[in-house]
Amino acid sequence: MTHVVVVGGGISGLASAHFARRARPGARVTVLEGSPRAGGNVRTLRRGGMPVEAGPDTIVMGRPEVGALLDGLGLTPSMVAPAAGAGRVLVAHGGALSVFPDGLVFGVPTRPRQLATTRLLSLRGKARAALDLVLPSGDDAPRSVGALVERRLGREVKERLVEPMLGGVFAADVDRLDPAVALPMLEGKRGSLIRALAGARRPSGGGLRAPAEGMSALVDALVRELGDGDGLRLQQRASRVRRSGAGYVVTVAGAGELACDHVVVAVPPAACAVLTAELDGELSAAASALSAASTATVLLVFPPGTRLPDASGVLVPRTEGRTVLAATFVNAKWARPSDTGEVVVRAFVGGARSPALVEESDDDALVARSLADLRAYLPLPAPTRADVVRFVGATPQPELGHRERVARVRAAAARHPGLSLVSAAYEGPGIAGCVAQAARVGAALERG
């Protein structure tokens with residue numbers, strides 16, 4: 001009987017187990033998770049009488065692997081879209097809030113007139129952005145997203161549109177962010193960014209969705225599928241992976257060893273580097289070269305009647321000098337009726353903007369700083385409840401050259417038949433990318 005050991009019980013690991021069982025129906029599949037709960041960054045709490053996400057709150061639909069997973073788990077009928085007005089987002093600038101212009105791609109316009117009426121740019125900034133259409137192409141030297149946007153569209157577009165949007169998505173420094181990951185539709189393009197994006201193909205598919213009862217419904221369904229046996233072993237942390245004949249042995253801290261035919265390392269690169277140090281020093285070194293940051297979600301519950309702007313949330317640029325990267329107005333984004341009438345706001349802190357904050361500040365300090373930042377723009381009362389959920393070293397930072405570093409990891413792993421690596425760090429943020437990688441684990445097992 002084939003034995004597959006999956007190291008890591010986040011979405012990457014659980015989805016890998018799902019596709020492994022589909023590929024080899026008779027296989028034994030064991031998932032090792034070092035913490036007391038499965039799901040990794042996916043965590044749904046119930047606040048204000050409704051499901052509220054501490055981590056990712058949507059899945060990008062359209063990839064066939066995502067559809068296959070949801071169909072296989074019976075979740076497709078329960079998937080819902082954000083509210084009709086969820087696309088309206090605000091941006092903090094100069095102590096006030098302005099509407100983020102419609103139709104931009106991560107802050108980059110596809111038509112010059114998209115910037116004409118926004119209050120986020122000065123007349124000088126708008127004129128500078130228009131120069132993108134006539135500036136020469138320049139050289140092919142590698143540039144970060146920030147450097148590329150500033151060169152073509154000017155500093156204001158970078159600081160007031162692109163940085164708050166991509167800073168919120170990646171919790172990264174746009175002056176270090178790799179455009180191959182953040183703006184892949186620009187790959188191979190030269191010259192005007194506006195023209196390049198206007199002619200670029202957009203991903204097809206069904207947009208953003210989430211289970212009606214929250215993202216943890218996905219985790220729960222994957223865990224149920226593993227059964228009540230030893231399919232999922234919580235609080236069992238793998239410490240080493242080594243070869244043994246044609247297979248592998250996984251050492252579990254305080255719990256002995258597991259022999260297997262195929263091992264899936266579904267943990268962040270830093271943990272992968274430790275696990276594979278004995279197996280392959282080159283693989284370990286390549287994995288350790290991938291960067292990650294710590295972030296935290298601050299969940300704030302406000303009393304009934306608390307008024308928020310007509311929007312799904314707010315982005316806070318680095319130039320505002322605030323700790324908060326962004327905030328979501330949960331009731332508005334999902335149009336979920338609150339059983340209690342309370343109003344819930346999710347604030348995000350940490351990342352490249354304040355790398356030590358998440359690891360060094362206590363919960364009370366993070367709540368106080370988040371409240372102070374939001375109150376600079378919103379008349380918020382005292383919260384009735386506040387929670388802090390930390391994701392230490394769990395947010396990938398795809399810095400310039402990221403794709404090449406990932407290629408080195410993949411090339412080293414390919415030397416070891418029966419070894420698979422799955423992580424959000426390898427294909428950009430988001431559950432869809434993790435699911436796509438997990439599906440490839442199943443395909444590898446199917447091939448034998």
Side-chain angles (χ1 to χ4, degrees), residues 91-93 100-101 103-112 114-115 118 120-200 289-293 295 315-322 325-326 350-355 395-408 425-429:
V91 181
H93 174 61
F100 193 84
L104 306 190
V105 178
F106 293 120
V108 179
T110 59
R111 298 182 302 278
Q114 289 171 322
L115 304 181
T118 181
L120 290 165
L121 301 180
S122 68
L123 288 175
R124 183 185 182 92
K126 294 173 185 179
R128 173 62 184 85
L131 289 178
D132 169 72
L133 297 170
V134 297
L135 287 173
S137 295
D139 58 52
D140 289 326
R143 288 184 173 85
S144 67
V145 168
L148 177 63
V149 171
E150 185 169 355
R151 180 178 181 276
R152 299 297 317 180
L153 296 161
R155 179 168 292 186
E156 286 190 19
V157 170
K158 182 189 87 168
E159 293 182 342
R160 302 179 192 181
L161 297 175
V162 175
E163 190 280 329
M165 178 58 74
L166 286 178
V169 172
F170 291 92
D173 180 353
V174 294
D175 287 322
R176 300 175 67 90
L177 192 59
D178 192 336
V181 178
L183 297 169
M185 67 286 291
L186 293 178
E187 189 168 18
K189 308 289 187 182
R190 295 189 62 189
S192 169
L193 297 187
I194 295 175
R195 289 197 181 98
L197 283 177
L290 297 175
S291 301
T295 58
L315 305 171
V316 185
R318 180 187 291 268
T319 51
E320 291 293 286
R322 305 291 176 184
L325 303 170
R353 187 177 301 182
S354 44
T395 304
Q397 301 285 280
E399 298 179 347
L400 193 62
H402 179 80
R403 181 177 289 181
E404 290 75 14
R405 288 188 288 274
V406 170
R408 286 194 286 273
Y426 303 137
E427 292 197 12

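We number each residue from 1, following the sequence as shown.
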Using the test side-chain contact (heavy atoms from CB on, under 4.5 Å), find all partners of Ala147 that sit at least two apart in sequence or belong to another chain. Arg143, Ser144
I'd like to check the side-chain contact (heavy atoms from CB on, under 4.5 Å) partners of Glu150; sequence neighbours left out, ordered by chain and number. Arg155, Lys158
Looking only at heavy atoms, what is the nearest atom pair of Gly350 and Leu325, with distance? O-CD1, 3.7 Å
Which value, rounded to the nearest 0.5 Å, describes the distance between Leu153 atom CG and Leu135 atom CG? 9.0 Å
Partner residues of Arg195 under the salt bridge (Lys or Arg N to Asp or Glu O under 4.0 Å) criterion, sequence neighbours left out: none
Compare every heavy atom of Pro109 with every heavy atom of Leu104, then report the nearest pair and how far apart it is. CD2-CA, 3.5 Å
Given Lys126 and Thr118, is the side-chain contact (heavy atoms from CB on, under 4.5 Å) satisfied, shown in steps? CA-CA 9 Å; Lys126 294 173 185 179; Thr118 181; 4.2 Å; yes
Suppose we screen for side-chain hydrogen bond (donor to acceptor under 3.5 Å, both in side chains). Which residues come up paired with Arg128, at least two apart in sequence or across chains? none
Under 3.5 Å, which donor-acceptor pairs link side chains of residues 160-169 to any protein atom two or more places apart or in another chain?
residue	atom	partner	partner atom	Å
Arg160	NH1	Leu120	O	2.9
Arg160	NH1	Glu156	OE1	3.4
Glu163	OE1	Arg318	N	2.9
Glu163	OE2	Arg353	NH2	3.4

Partners of Glu159 by side-chain hydrogen bond (donor to acceptor under 3.5 Å, both in side chains), sequence neighbours excluded? none
Please name all residues satisfying side-chain hydrogen bond (donor to acceptor under 3.5 Å, both in side chains) with Arg408, sequence neighbours left out, ordered by chain then number. none
Test of understanding: with salt bridge (Lys or Arg N to Asp or Glu O under 4.0 Å), list the residues that count as partners of Glu187, not counting sequence neighbours. Arg403
For Asp132, enumerate each residue passing the side-chain hydrogen bond (donor to acceptor under 3.5 Å, both in side chains) test, keeping only those at least two apart in sequence or located in another chain. Arg152, Ser192
Would you name the heavy atoms of Pro317 and Val91 that are closest together and state the gap between them? CG-CG1, 3.9 Å
I need the minimum non-hydrogen distance between Pro184 and Ala182, along with the two atoms involved. CD-C, 3.4 Å
Closest heavy-atom contact between Thr395 and Phe170? CG2-O, 3.8 Å
Nearest 0.5 Å, please: how far is CZ in Arg190 from OG in Ser137? 5.0 Å
Working to the nearest 0.5 angstrom, can you tell me the gap between Leu193 CG and Leu148 CG? 5.0 Å
Do the non-hydrogen side-chain atoms of Leu290 and Pro398 ever get within less than 4.5 Å of each other? no
Could you pull out all residues at least two apart from Ala326 that satisfy side-chain contact (heavy atoms from CB on, under 4.5 Å)? Leu315, Phe348
Does the side chain of Arg176 come within less than 4.5 Å of Leu400's, by heavy atoms? no
I'd like to check Val157 versus Leu115 (side-chain heavy atoms, cut-off strictly below 4.5 Å). Are they in contact? yes
For Pro112, give me all partners under side-chain contact (heavy atoms from CB on, under 4.5 Å), at least two apart in sequence or on another chain. Leu133, Ile194
Just how far is it from atom CG of Leu121 to atom NE2 of His93, taken to the nearest 0.5 Å? 8.0 Å
Euclidean distance, His402 NE2 relative to Leu177 CG, rounded to 0.5 Å: 10.0 Å
Main-chain N/O of Gly401 paired with Asp178 side-chain donor or acceptor, under 3.5 Å: yes
